[in-house]
Structure formats: structure tokens, C-alpha cells
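Heads up: numbering here begins at 1 and tracks the sequence. The analysis underlying the following values was restricted to heavy atoms, covering all of them including side chains, and did not include hydrogens, waters or symmetry mates.
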Amino acid sequence: MELTNRICMAPLTRLRADWGHVHTDLAVTYYSQRASSGSLIISEGTFIAPFAIGFPFVPGCWSAPQIAAWKQIVDAVHAKGGFIFLQLWTLGRAAQLQILGLEPGGPHDLISASDVPMVEGAEVKPRGLTVEEIKEYTEAFAHTAKNFVEIAGGDGVEIHAANGYLLDQFLNSNSNTRTDQYGGSVENRIRFPLEVAQAVVAAVGEKKVSMRLSPWSPFQLERMTAEETQETYGTLVQELKNAHPNLAYLSIIEPRVSCDDDLEGATETSTALCDLWSPGVILSTGGYSAASALKAAEGRENLLIGFGRHFTSTPDLVDRVRRGVDFTPFERAKFYMPGNADPDGYTSYLAESE
């Protein structure tokens, strides 16, 4: 994969698949609009198995219809000269209980690293995954990666270990109170994400795999102390680098954002983790403007910059940065329109030249 610029489209949950977690033709148009020659798109979070769900209208990549839909999207992106990675996603305790009860094969349990609820005093607590179930999830990550790369023809995958979802729940000592080989020490808490990385690399190859982290985000998690955060994520990054030095990139969400919200006055920095991963490629995301992206890229030759929210309303974002043209303001109210087949707020935004 040879990129011709350092701007990437970051993962964006849009909730526009159908009830069976299959993308429609509307998504083909959406991704094609945002593809450009030599640029990388990271897809929205995509479920890895029917037991690893919990939101409606999120795409999957385990069934034949789902894979066929992704192949159409991949072909459309490639036709524009672009590249696309699939983000591999599973929710853990962030899943919606009512959806777990409606999905095929359900009702499914609300699961996590431990029985610690996302909200104190929650009526229903998650249960901790068994060791056997951890292995099943690991296999599902690898199988879905293979589906996307080998059958749909995609360029690679991004393992979602950020934003308080399942793998992040194992990393965080406040949500992971296990006493077995997956809990307690830093080495144990990073074990599951490292095993997933190993399995996915074995399935599709090191250069087609990446991982996303959000060390400082308070989204859906009680944050650890700064010292414990540095130790946990620093150890994870070092072990990941030791085992898989040729990953496509390491994605790090900057502390100035929490999911799709901006955080004022954030003082933490991801510099130490970026230094640790270097000279490997780093994808930095979180609240960038065209000006701040250019400034950041000048400081590190191995840095890619991911734009998320701006891509929703500016499909030709790469070209506009190149030409110094302002972005079309995004419309937050239209980020999530579950199951909506109306193109408004999704494919209705035009390139500046149109």
C-alpha cells in the first residue's frame, strides 16, 4: 500500500446498515464519494460475529451478504485509486440490552472483562468472559479480518481497542478486576489485545493489520491514574512493537476528544507513545483542523493524520486541504440516523467542484 498523502478518513459510526447488519448501495456511494487516489479510508466499526453485537444498523463482516456488500464498497474505493481498512469492533458492556435480546441466536449476555457495570448502580451488570469465550472472540477477530481481506478484497484491518469497548475494558484496571491470566498486572491486562493482534496477523499478514488506542479518553470508562495509563499503554505499545514491528500503523486518539465530543483543557499528551512506536507509522486522530494537521505532520515524517467529523460533510476533504479550501461545516444532528435510507446527511454533501 503506497499512500500519496498523509490524510486518512478516520472511523465513523453512521448506523446506516440494514437490520441484518448488511450495508446497502447507499454506503457504496458514501465511501466512493470520500475515496481519492492514494488515500486511506478506515471504515466504520464493523461487528466481528453474531455474538459480538449490541447496536442496531451497524455493519458486520461474518455472513456472505455482509461480505458481498463490503466487496462492493472495496471495489468502489479501489476504482477511485484509494485504499480501505476495515475496523474490527466489538462492544462488551457498552452493548444495548434491548438489542442483545433481539439479535438472532439471542438473547445474548451483556459481557465485559469483569462484572463491573459501565454506569454505577446499573440495573444489569455484565458478566466477565470465560477464558474459552476470550478464545472465541480472538478467533472471530481473525476470521472477520480474513473475510474482508481475502474475500472482499480489502487492504487491511484496524483492531478497535479504544473508546471503552471490549478490548479497552480489559486494558483498564477499573473495568478489569479479574484474578486470572487476563487481569491484575499490566502484563495480564494487555494479554487479550496482544492475542487478538497475533491471531489477526496470522490470518492476513503483519502489513495489513493495525490497532487503535485511546489512552486518555474518559469515554465509557473511569480513567486510570496518569502513571498507570502510561505504564499500561506504554507496555502494550512496546510489546506490540516487539512482536509485530511491521504493522501498517498504530492509531492513537488524541486526549483533546472523547468519542465525537471535544474536551476542553486536556493537558495529557501522546508524545511518549508516539516516540515508543517510532519509526513505525502512527495515525493520529482527534480534533484536527487543516492548519493543525499540517503543523503536526511537519513535526513527524512517520505521522498520518485522521479526520473524522469533517469527512461527514466534506467528501473531497483531501483535495480541499491540498488547495486550501474551507471544509463544509458538519451537522452533528445528522451523524447518527439509525437505519435511515434517506441520503440526507450521508451522501447528500457534494464536492466543492460539484
Side-chain angles (χ1 to χ4, degrees), residues 8-36 39 41-47 50 53-80 82 84-87 89 91 94-104 148 152 154 160 163 257 259-262 285 306-320 325-354:
C8 303
M9 177 172 155
L12 292 162
T13 297
R14 303 305 306 273
L15 305 178
R16 292 293 193 122
D18 68 18
W19 186 253
H21 303 289
V22 179
H23 258 317
T24 68
D25 291 343
L26 202 60
V28 179
T29 301
Y30 171 78
Y31 280 104
S32 177
Q33 286 175 330
R34 286 151 184 79
S36 60
S39 293
I41 290 174
I42 299 93
S43 83
E44 63 209 285
T46 301
F47 291 151
I53 43 71
F55 289 165
F57 307 115
V58 170
C61 193
W62 70 79
S63 73
Q66 293 165 355
I67 299 166
W70 277 115
K71 183 172 181 1
Q72 286 186 282
I73 291 169
V74 169
D75 289 347
V77 171
H78 286 173
K80 300 282 285 288
I84 182 167
F85 272 42
L86 186 80
Q87 190 187 68
W89 194 26
L91 305 175
Q96 297 174 358
L97 286 171
Q98 65 270 33
I99 299 302
L100 292 176
L102 294 173
E103 289 283 356
F148 183 71
H160 194 345
N163 286 344
V257 295
C259 192
D260 61 6
D261 290 323
D262 295 308
T285 65
F307 287 87
R309 294 169 293 183
H310 290 297
F311 254 114
T312 64
S313 54
T314 307
D316 57 336
L317 185 145
V318 174
D319 183 58
R320 293 202 200 188
V325 177
D326 290 342
F327 301 155
T328 300
F330 55 74
E331 298 178 271
R332 188 178 293 273
K334 296 180 179 180
F335 284 176
Y336 311 112
M337 301 174 71
N340 197 327
D342 189 333
D344 181 49
Y346 191 54
T347 60
S348 57
Y349 303 101
L350 301 178
E352 189 263 343
S353 60
E354 294 180 291

Interatomic spacing from [atom1] in [X] to [atom2] in [Y] - rounded to 0.5 Å:
| X | Y | atom1 | atom2 | value |
| --- | --- | --- | --- | --- |
| Cys8 | Phe311 | SG | CZ | 8.5 Å |
| Ile84 | Asp75 | CD1 | CG | 10.5 Å |
| Thr46 | Gln87 | OG1 | CD | 7.5 Å |
| Gln72 | Thr24 | CD | OG1 | 9.5 Å |

Tell me, do [X] and [Y] make a side-chain contact under 4.5 Å, heavy atoms counted?
| X | Y | result |
| --- | --- | --- |
| His21 | Ile53 | yes |
| Tyr346 | Arg16 | yes |
| Tyr349 | Arg34 | yes |
| Leu26 | Pro343 | yes |
| Asp319 | Ser36 | no |
| Met9 | Leu317 | no |
| Tyr31 | Glu44 | yes |

When you measure from the side chain of [X] to the backbone N and O of [Y], does any donor-acceptor pair fall under 3.5 Å?
| X | Y | answer |
| --- | --- | --- |
| Thr347 | Tyr30 | no |
| Thr328 | Thr314 | no |
| Gln66 | Gly20 | yes |

Please report the closest heavy-atom contact between [X] and [Y], naming both atoms and the distance.
| X | Y | result |
| --- | --- | --- |
| Ile73 | Ala27 | CD1-CB, 4.0 Å |
| Pro59 | Ala17 | N-CB, 3.8 Å |
| Val28 | Ala76 | CG1-CB, 3.8 Å |
| Ser39 | Val318 | OG-CG2, 3.7 Å |
| Gly82 | His78 | O-CD2, 3.3 Å |
| Asp342 | Asp344 | OD1-N, 2.9 Å |

Practice task
Test Arg14 against Thr312 for side-chain hydrogen bond (donor to acceptor under 3.5 Å, both in side chains), laying out the working first.
Solution key: CA-CA 9 Å; Arg14 303 305 306 273; Thr312 64; 5.2 Å; no

Aromatic rings [X] and [Y]: how do their planes relate, parallel, tilted or perpendicular, breaks at 30° and 60°?
| X | Y | answer |
| --- | --- | --- |
| Phe55 | Phe47 | tilted |
| Trp70 | Phe148 | perpendicular |
| Trp19 | Phe57 | perpendicular |

Problem - More than 12 heavy atoms from other groups under 6.0 Å of NZ on Lys334 - result: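 More than 12 heavy atoms, drawn from other residues, nucleotides or ligands, come within 6.0 Å of this atom.
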
